[in-house]
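Taking it in order: structure first as structure tokens, then the write-up.
Numbered from 1 within each chain, the chains take letters A, B, ... in sequence-line order. Every heavy atom of this structure was used, including side-chain atoms; hydrogens, water molecules and symmetry mates were not.
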Amino acid sequence: MAVERYAGSVSHVDTPLIRFPRTLEEAWEKKQENGADASYIAGGTVIQMQRGQGYPCSPVLISLETIEGLKGITIHGDYLEIGPLTTLEACRRSPLLQQHAPCLVEALISVAAPGVRNRGTIGGNIMYGKGDTLPALLVLDASVSFFDNSGFQSLPLLSFVNKGETSPDLLSGIKIPLPTDTERTISFFKKTGRREAFSLSVINAACRLVLDEEKKVEEVRLAAGGANVPPQCLTEAENTLRGEMLSTKTLRNLHETLSASFHPSGDSYCSGRYKQKAAAHLILSHLYENMEQSPMERRGEDA
Amino acid sequence: MHDTKTPEIKPGKRTRPDGKPKITGRLKYLTDLHVNGMLYGKVKRSEYPHARITGIFTEKAEALPGVKAVITHKDVPALNAFGIVLPDQPVLCSDTVRYTGDAVAAVAADTIEEAEAALAFIEVTYEPLPVMDAPSKSLDEDAPLLHAGGNILHHNQYSQGCVDSGFDQCSAVVEETYDVPRQMHTYMETEGGVVVPEEDGGISVYMGTQHGFKDRFQLSRILGLEEERIRVVSSPMGGSFGGKDELNVQPYAALLAMKSGYPVHIHQTRAESVQSGIKRHPMKIRMKTGADSQGKLMAHEVEITADTGAYATLGPAILDFAVEHASGPYRIPAVDVQGLSVFTNNGVAGEFRGFGGNQVTFALEGQMDRLAEKLHLSPAAFRHSNLRSTHDPGPLGQTIAPTDGAVDVLKTLEEKPLSVSVPKPWKKTGTGIAVTMHGGGLGSGRLDPSGGRLLFAKDGKIEISFGFEEFGQGILGVIETVVCEALGCGEEDIRIRIGDTTKVPPTGSTTASRGTSMVWQAVQRMKGDFRQSVLEKASKVTGAEEQHLVLGEGGIFSGTTKVVSYEDLAGYLEEELETTTFFDFPVTPDDVDGSHYLYTFAAVRAEVEVDIRTGQVSLRGLNQAVAAGPVVNELGYKGQIEGGGVMAAGYALMEEAEMKEGRYVNENLDTYMIPGISDVPFDLGVYPVETLHESDEHGPRGVGEIGTVAVAPAIAKAVHDAVGLWVDRLPIHPERVLDHITKRGLHPWMET
């Protein structure tokens, strides 16, 4: 049997230097100066958790907290605009989000615990790459603006997320189109965790659909994510719904499509198959409640 | 004497003396202690679950700035081992590591950061050995021996009657194998404190434990230092639940303090606590149980295999307890119980609230529910027709204190209404009950001394002293209530001393639900003599006749008139008035080793909602009826039963300190889940049955454990009631529930 030697390596004492830039440009420059030795930090809740998990903290932290203009929720024309440094708790309490993006508020309620929501920011939740708000933002057709070496840019959230974790971008804004017809919009977000609150997602799912005057699905967005499942749009499932009435037949088709097309990976807690089933049932139960012929009595019997 | 002051709170609802400092965050725990000039200690633990150590090199670490001492096995002056039952765990390993919590070296430095950095410079070379990560592997014929005595820590068995002929008479037999998980105590305060080297060559140990005198004994054995030169200050603690009963970091801080000459502070991080701390024993329990056509239990066959991890600690006693409680409160003519506790390279399993009872009760009550269903009887009716009655012997055939507890708790629970639940879409509701009995004290044939001391002190305080510890369970509240009620004095008049080996009498461990019981018995034994000695003195001083005097709030009263205050009376003392008592925890008169004499009982009803979309189980109601004699302190009692219930709900629904190849899968509280407030039902019912049998003079019993024992089986049955799944494995995993629901075709969007 091989003899293995575990020798100590020089590890720096874990007390990072913290920079407080005033502008996005300055923050960007600090990052360029320090390269891989530097990380941006907003609320710090993810970095704190990762330190607890034994990941070394970057020797230089560039705090974004002192940069002005990155906080707050406003309406600009057809868009809601959220500053990335707005805390999760401020977003959750925002009357504008409650009115125009209820499924995002649902997602925010499910994130961590009050202490984390008071510090953590929506920008951080996005940049973390696994945040519970991502599927909700995806179904809301959110786009993000960010700053990188070619200046300010905008991308749909999905494209931005798909760029990958190594992206050095600095988030400057989040835009959500205002819904045109809330009467005919159905939207929701559902998360399952390992306990009722303050838990990592096992799986989460979000949906937004708009029905036309004939009660057929006109617009549809389905998304899922959580923990090690990358946030994703469920495009094939969306196609099953588009143009259809919400009927038992449609839901059965949707169930089959989700089973065939959505393959989340498992983890140490549960299998990917479980995640697929739970996500499908959560989506389908909400659509079922909104079916045209879905009297409550019948639902009572079925459930 | 009481009418001079209107009590603010009913005596039974006293606020615990340590309540306010705790909830305001003002209480200083021993891990908060800061001693001038103290160093910070860190322990280097094994890289491997099982390996031979081929070299330990400390020179580089010793040369680092700030490092004041590095210790290895070479620095242990006397016995390099600890363990309450048998000392088989090395303080610092020299040649072999048997789990990832094994300590190989430790460092004391000026700062935590320097100590941590130094750990990385201690080079340890290993030759990995095959990992025995399950009892089945350790029991294999070709398995390497983890200890010189082999891989079996302990075997125990009990039998009465003939199970084979018993089963022949059965019309219903169920056989099932149950798996229960390794659970973590998850006390809020992780292990630690400070050890101070004293000028006389002795040491003072300021670290939480459940038995200061036992720590003193074990440290003496390790350090080669007389017990009298070791002072152990061990209360208050931020939780223990059994988890701090065994030594943890005391030896490292002590060795580092003695080597460096400085006080040494060690406080484990949560991750260090997970890695090194003991856990509840995972067990695999096979039960075959049969009843006749009248619904009478006839035969019960049990095989328990416990994964005790790398070292013994209290593993043998826990197995004994599980074997004893395997037939619980039921009369069964033929019983055969076999128990095996097996060493593995997993985390050390040991003492934890319930002490082996929770595991077997989950299995036993599962059997009762399965049999009831087979016999088309209600779970309550089936239990009633088999529960023990007043004078039945205990589960090992031994004489026990007469009790109707088993029947009383079930009847009490049946009278309490279910909580009103509003039907919700996609949720199925269910209800389950379970019953249990739980022995108090360490058991027959084991040293289980107790006692106490009452002192009328020079400053006029009535000082009550015990060798018990306060780890959140509320012993201070119990002592205050019992003393005030027994003597008639007020809480301002007394001073409670616990948790300091130089100041308190040795009154045994604060374990095994014995605290309340022992405090009450000690005070009953002392109160007459103590009262008499104080009143005699008061009579001499005041000239009043002794028979007219009573102790009251603030002083000595004659009728409603205070004749002398305690403080004034103390001024006349030539010497302090002391009354002491020593006695043993009551045991059965029969020669049945390890068996118990005083039992408490609980009946539990759980109400759950199962989400048919995700398989998740939510606990919506938890009611417990408990028979443990008179309630001493209502709030303390309620707190123990509610808290125990929540801890057991975690055991049933989410907690598992899972190990893969000898390593913890969940290393911290981000993935090791315990219930949060959202997981707890809004209303938790606690219904005490306070009556004792007329011949019972043993008074109130401790309720530290009973609230945890029968909760999991009640939840498991509630899940069965809701969706039809028989649960045989804890925690109840949503994936298994959903798989079951899927088969039943409850989802309208799925073709059935």
Is the shortest side-chain heavy-atom distance between [X] and [Y] below 4.5 Å?
| X | Y | result |
| --- | --- | --- |
| A:Tyr269 | B:His733 | yes |
| B:His747 | A:Leu284 | no |
| B:Leu746 | A:His281 | no |
| B:Leu738 | A:Tyr274 | yes |
| A:Lys277 | B:Met750 | no |
| B:Ile674 | A:Arg195 | yes |

Kindly give the heavy-atom pair with the smallest separation between [X] and [Y], and that separation in Å.
| X | Y | answer |
| --- | --- | --- |
| A:Thr248 | B:Pro748 | CG2-O, 4.1 Å |
| A:His255 | B:Trp749 | CD2-CD1, 3.7 Å |
| B:Gln616 | A:Gly193 | NE2-O, 2.6 Å |

| query | Can you tell which of A:Ser271, A:Ser268, A:Ala279 has the highest number of heavy-atom pairs within less than 4.5 Å of chain B? | reply | A:Ser271

| field | Residue part contacting chain B, namely of A:Thr250, when any heavy atom lies under 4.5 Å | value | neither

| query | When rounded to the nearest 0.5 angstrom, what distance separates OG in A:Ser199 from CE in B:Met654? | reply | 9.0 Å

| Interatomic spacing from CZ in A:Arg273 to OG1 in B:Thr742 - rounded to 0.5 Å | 7.5 Å

Is it the backbone or the side chain of [X] that comes under 4.5 Å from a heavy atom of chain A, or both, or neither?
| X | value |
| --- | --- |
| B:Thr671 | both |
| B:Glu658 | side chain |
| B:Asn668 | side chain |
| B:Pro731 | neither |
| B:Glu735 | both |
| B:Met673 | both |

| So which of B:Thr111, B:Leu653, B:Asp739 has the largest heavy-atom pair count under 4.5 angstrom toward chain A? | B:Asp739

